[in-house]
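Below you'll find the structure, written out as structure tokens, and then a few comments.
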Amino acid sequence: MVSATRPSVRILSAARRHGVRDEDIMHAFRNPMTEISDDDVLVTVGSAVDGQPIELGISYDEKRHEIRIIHAMPARASYVRRLTWQ
């Protein structure tokens with residue numbers, strides 16, 4: 001059965017390992033600039049509140065109907081190069 005409600009979003013403690021603030025994680029989550037799919041994990045690059053690119057690892061837990069942010073850090077050059085500025 002598919003739920004009609006939006007999934008909740010949870011930042012896991014592992015995502016805080018690199019010192020990225022929750023506010024910046026959520027801003028990057030809401031404002032993705034590029035996405036790279038890697039099996040069960042989606043890697044996105046979005047911007048922090050100050051505009052710095054943030055790399056996120058995101059997974060979805062179907063059982064809990066929950067989006068989990070499992071990784072967050074300043075974006076590595078390999079991901080930043082994928083961005084296309086217009």
- [ ] In plain terms, say whether R10 and D61 are close enough for a salt bridge, that is, a side-chain N and a carboxylate O under 4.0 Å apart.
- [x] no
Task: Close side-chain approach of T44 and I58, heavy atoms under 4.5 Å - done: yes
Task: Minimum side-chain heavy-atom gap L56-M73 below 4.5 Å - done: no
Task: Beyond-backbone contact of I11 with M26, side-chain heavy atoms, under 4.5 angstrom - done: yes
Open item on the list: I want to check something: taking the side chain as every heavy atom from C-beta on, are E35 and L42 in contact at a cut-off of under 4.5 Å?
Closed with: yes
Task: pair F29-I67: side-chain heavy atoms closer than 4.5 Å - done: yes
Task: Neighbour count >12 (heavy atoms, 6.0 Å) for atom CG, D50 - done: yes
- [ ] Decide yes or no for S47 and Q52: does some side-chain heavy atom of the first lie under 4.5 Å from some side-chain heavy atom of the second?
- [x] no
Open item on the list: Closer than 3.5 angstrom, by distance alone: can the side chain of H71 be matched with the main-chain N or O of A14 as a donor-acceptor pair?
Closed with: no
Task: Sub-4.5 Å side-chain heavy-atom contact between I70 and V41 - done: yes
TODO: For the pair D24 (side chain) and V20 (backbone), establish whether a donor and an acceptor sit closer than 3.5 Å, ignoring hydrogens and angles.
DONE: no
Task: Closest contact, heavy atoms only, I54 versus P74 - done: CD1-CA, 4.3 Å
Open item on the list: Quick one: does any side-chain atom of E55 pair with a main-chain N or O of R76 as donor and acceptor, under 3.5 Å?
Closed with: yes
TODO: To the nearest 0.5 angstrom, please state how far the CZ atom of R68 sits from the OG atom of S59.
DONE: 6.5 Å
Task: Within-4.5 Å side-chain heavy-atom neighbours: H65 and T5 - done: yes
Open item on the list: Just checking R21: does its CZ atom have more than 12 heavy atoms from other residues, nucleotides or ligands closer to it than 6.0 angstrom?
Closed with: yes
